Student: 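Can you read through this structure? Questions will come right after.
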Amino acid sequence: MRLSKAFIPTQKEIPADATIPSHQLMLRAGLMRQLTAGVYAFLPLGYNAMMKAMNIVREEMNAIGGQEFLLPALNPESLWVQTGRRNVQNFILSIKERDLVLAPTHEEVIGWIASMHIQSYKDLPQIWYQIQTKFRNEPRPRSGVLRGRQFIMKDSYTLDASWEGLDKGYDLHAEAYNKIFTRCGLKFFVVGASSGAMGGTGSQEFMVESGSGEDTVVLCDKCGYAANLEIATSAISGVTRTANSKALEEIHTPNVKTIDELATFLNVDHDHLAKSVVYRHNGKPVLVLMAGNDQLNESKFSAALGGGEVAPMNAEELLGLTGADGGSIGPINLKGFRIIADKRLEGANGLISGANKNDYHIANIDMNRDVTVEEYFDLRIVDTGELCPKCSAQLKITHAIELGHIFKLGTKYADALHATYLDENGQSKPIIMGSYGIGIERIIACHLEQSHDDKGIIWNTALAPYQAHVIAINMNNKDIVLHSNQIYRTLTESGIDTLFDDRPNVTAGFKFNDADLLGMPFQIIVGEKGLKNNQVEVKRRKTGERTMVALSEIIPTIKKLLSE
RNA sequence: CGGAACGUGGCGCAGCCCGGUAGCGCACUUGCUUGGGGUGCAAGGGGUCGCGGGUUCAAAUCCCGCCGUUCCGACCA
C-alpha cells in the first residue's frame, strides 16, 4: 500500500480521552476512531491487524475440528427469557422497535440449533464456533477497546454426550488457546477462574499481566499456582483452639465500630475477633462470620450459597432485624439468620463478637458450643504477603487483562432449551456443553500494551498489518523514486505485505516518525547515501538496529529476518 | 448507579474567575523553500463556543436544566 493513497490518519497529539498506551496508540496510529462510548470504528490499518488475529484464531480452531458458523446478532427476546438470562443485570442491549435483543454471546442460538438437529449420540461430539460482533450493556465502558459495548469475540461451543467428552473438548481448547496466544506473541498465563453466573463445573482464564487490567490474580512464581482472586486461596492457618472454653461474658465497648478499633480497645489479637458480615441471599438474611479483619470474597460467598442473588444488607434493615448497628452484630442470640462461617473459624473458641446490642460485645465464644453454624466455607479474600496453598512460597497479587475464558458449562443451557439427544439405550439426555471465548480487540490491545515505546507501536510479525515499510527519503530525487518503487514492487510480488511511504513533499524526519509510530517490524530506508553504494538501510523497529543491505539482497534479507 | 472533571475549527489547548471584536500550536489549502529524525517563510480556508432555557442593552463567560465524554468506585455472567 502506498501511503500517498492510503487512509491512515496518524496524529502527533495524544487524544485527551485515551489514558492507557494501547488506546492512545490505536488512535494515534490511525487504527480506529471512537464513535461513542465503548463503540469503535476500525479503520483499514486497525481492521487489517484484527484480521491477522482472527485468522490465527480461525486456523487453530479449525485445527481442533472446529466448524465456523455465522450467527445472528439479532435474537428474539423470548430465547433469552427461556434461559433466564433476559434480565441479568448489565447484560443485554435491546432494540426498541421489536421484541429483539442484540446477542451478548451465543449459547442460546447454539442451543437452539442443537435442539433442532442433534438427535443422537452418533451426532456428537461437535465443536462449533463463530467470530463475530457481540453487544453488551456495559454500565461503564473504559480503557479503549478493553471494555466496550460492542466488540468482536471468537466464541466456540462444544457439544458432547458425556462428561469425559466435555473434558476432552475443554482440553483441546486449552491447548488451542495456548497456541493462539503464543502465535500472537503475547506474554500470558492461565489462571483458575470462577464460573460465576454462567454456571458450570470448571473454568480457566487466559490472562495478560497489566496495570490496566480489571481482574486481580494471585500468582506463585515458585510452583506456578495461579488463580483469579475470585477463587484464590492461601496457606493461612485456622484460629487456634484453647483447651478450656470459658463462660460467655458481655463486655462494654463504647463507640467501637470496626475490628481494628475493637482489637485496640481490648488489646487482643485480630484472630480472636469474629467479624460479622450481613447479607441477603435471595432476600433472606445471612450472617457470615469471618476471622479478624479477613475480607469476605463475594464470589466465593455466592458460590458457597449455590448462586442466586447476593447483596449486602443496608444499615436500616440491619437495625430493624437485630436492634443493633453494623459494628455490634454477632452470632449469639441472633434470630432469623442463616449463619455460615469462614473455615478459619472452624472449631475455634475464645472469640469475641458483637452482642447485637450497640456498644457491647460478647467474649469467650466457642464456635462448637455457642454458634449454630450451617456450614464452614473458604470465604476470605487472599491478601498480599500470604503464602501459596500448594508450595508455601510468597504469593504475588497483580492485575491482568482477560484475553480468553474457557468454561465447562454442563447441561444448564441444554436443559433450558431442550437440546437433547438419544443415547445408546434410547434414553433422552441433555447435551453437555462447553463455552470458550476470546476477545479479538483485546489481543490487539494487549499486544500494544506489551510492545511499544515512546515513539509508537512495535508490531510483531504475526499481528503487524504490514511486514515492511519502505521509506523514500526524498521524492525529488529520481534515483530514490526509481529504486524505492522497484523495491516496493518486488517486495509485494514476493508476498511480503509492504507499506510504501511515497508521499511527495513530506520530509524525511516526518516519514521516520510516522514509520516509528505505525511500527511495522522492518523499515527499508531508501536514501541518497546508501544508493551511492547500491545499498539501502534496513531498520528493525524493535531494536532500532540498522544494517546496510545491497539492493540485490533486499528480498532474501527481509525474508530471512521475517522467518526469525 | 454513587463521587469527580471536562465539553471552544479535524487534534491538543487558552479565553470563563472579573460579561463587550473568538485566540494559540498542530493539521489543512496555495506559492516559494528545505530534503537522513515532525524544514523555513508568506498568504489563506475552516468554529451554531455540546443542547435548551433564564438573567442582561449585551453571554463562550453568570444562573438553571438536559445531553455527551472521561476518570475513581460499584458492576463485569
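Just so it is clear, the model here is predicted, and its values are computed rather than measured. Chain letters run A, B, ... following the sequence lines, proteins first, then strands; residues in each count from 1.
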Student: Rounded to the nearest Å, what distance is computed from the CD atom of residue A:Q89 to the C1' atom of nucleotide B:rC1?
Tutor: 10 Å
Student: With A:I525, which of A:H469, A:K511, A:K539 fulfils side chain to side chain contact (heavy atoms under 4.5 Å, CB included)?
Tutor: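 That would be A:K539.
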Student: Which residues in residues 444-454 of chain A have a heavy atom closer than 4.0 Å to any atom of RNA chain B?
Tutor: none
Student: Which of these nucleotides, B:rC76, B:rG37, B:rG36, is closest to any side-chain atom of A:A508?
Tutor: B:rG36
Student: Kindly point out which of B:rG38, B:rU70, B:rA74 is positioned nearest to the side chain of A:A37?
Tutor: B:rU70
Student: Closest to the A:K455 side chain: B:rA74, B:rG38, B:rG37?
Tutor: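 Taking heavy atoms from C-beta onward, the closest nucleotide is B:rG37.
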Student: Let's go through A:T498 and A:I558 carefully: what are the C-alpha distance in whole Å and the side-chain angles of both, what is the deciding distance for side chain to side chain contact (heavy atoms under 4.5 Å, CB included) to 0.1 Å, and is it a yes or a no?
Tutor: CA-CA 11 Å; A:T498 303; A:I558 295 294; over 6 Å; no
Student: Could you please name the partner base of B:rA58, counting Watson-Crick and G-U wobble pairs only when both distances are under 3.5 Å?
Tutor: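 When the pairing criteria are applied, nothing turns out to pair with B:rA58, so the answer is none.
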Student: To the side chain of A:F510, which of B:rG37, B:rA27, B:rC76 is closest?
Tutor: B:rA27
Student: Would you confirm whether the ring centroid of A:Y47 sits within less than 6.0 angstrom of the ring centroid of A:F42?
Tutor: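 Aromatic pair excluded; centres sit 6.0 Å or further apart.
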Student: Mind running side chain to side chain contact (heavy atoms under 4.5 Å, CB included) on A:L93 and A:V101 for me, showing each step along the way?
Tutor: CA-CA 6 Å; A:L93 282 168; A:V101 299; over 6 Å; no
Student: A:D514 near the nucleic acid: base, sugar-phosphate alone, or nothing, with a heavy-atom cut-off under 4.0 Å?
Tutor: base
Student: Report the C-alpha distance between A:Q523 and A:R541 in whole Å, list the side-chain angles of each, state the deciding distance to 0.1 Å, and finish with yes or no for side chain to side chain contact (heavy atoms under 4.5 Å, CB included).
Tutor: CA-CA 7 Å; A:Q523 294 171 16; A:R541 174 65 182 90; 3.9 Å; yes
Student: So if I take every side-chain heavy atom of A:K12 and compare against B:rC26, B:rG37, B:rU69, which nucleotide ends up nearest?
Tutor: B:rC26
Student: Sort me out a list of protein N/O and nucleotides 9-14 of chain B N/O pairs below 3.5 Å, or just none if empty.
Tutor:
from, atom 1, to, atom 2, distance (Å)
B:rG12, OP1, A:A16, N, 3.1

Student: For A:S143, which contact category applies under a 4.0 Å heavy-atom criterion: base, sugar-phosphate, or nothing?
Tutor: sugar-phosphate
Student: Hey, which sits more toward the 5' end of RNA chain B by its nearest nucleotide, A:A18 or A:N474?
Tutor: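 It is A:N474, whose closest nucleotide lies nearer the 5' terminus.
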Student: Pick base, sugar-phosphate or nothing for A:N505, based on heavy-atom distances below 4.0 Å to the nucleic acid.
Tutor: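 The answer is base, as A:N505 lies within the cut-off (heavy atoms under 4.0 Å) of a base atom.
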Student: Under the ring pair (Phe, Tyr, Trp, His ring centres under 6.0 Å) rule, what do A:Y157 and A:Y129 come out as? Steps first, then yes or no, please.
Tutor: CA-CA 6 Å; A:Y157 304 91; A:Y129 78 97; over 10 Å; no
Student: Quick one: sort the A:Y40 and A:H23 rings into parallel, tilted or perpendicular, breaks at 30° and 60°.
Tutor: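 Taking A:H23 first and then A:Y40, their aromatic rings stand perpendicular (interplane angle over 60°).
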Student: Nearest to the A:R142 side chain among B:rG36, B:rC71, B:rG38, which nucleotide is it?
Tutor: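 Selected nucleotide (nearest to the side chain): B:rC71.
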Student: With a sphere of 6.0 Å drawn around CH2 of A:W112, does it hold more than 12 non-hydrogen atoms of other residues, nucleotides or ligands?
Tutor: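 Counting neighbours around CH2 of A:W112, 12 or fewer heavy atoms of other residues, nucleotides or ligands fall under 6.0 Å, so no.
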Student: Categorize A:E537 for me: base, sugar-phosphate, or nothing, with a 4.0 angstrom heavy-atom threshold over every strand shown.
Tutor: base
Student: Should A:T507 be listed as having a side-chain N or O under 4.0 Å from OP1 or OP2 of B:rG38?
Tutor: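 No, no such contact exists.
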Student: Tell me which nucleotide, if any, is Watson-Crick or G-U wobble paired with B:rU39 when both distances must be under 3.5 Å.
Tutor: none
Student: Need the pair for B:rG44. Rule: Watson-Crick or G-U wobble, both distances under 3.5 Å, any strand; none if unpaired.
Tutor: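 Across any shown strand, B:rG44 pairs with B:rC28.
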Student: Taking any strand in view, what nucleotide pairs with B:rG2 in a Watson-Crick or G-U wobble way, both distances under 3.5 Å?
Tutor: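 Check on B:rG2: paired to B:rC72, both distances under 3.5 Å.
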Student: How are the rings of A:Y177 and A:F181 set to each other: parallel, tilted or perpendicular (split at 30° and 60°)?
Tutor: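 Perpendicular.
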Student: Please confirm whether A:H281 and A:Y279 have ring centers closer than 6.0 angstrom.
Tutor: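 No: the rings miss the under 6.0 Å criterion.
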Student: Find the distance A:I92:CD1 to B:rC75:C1' and express it as a whole number of Å.
Tutor: 16 Å
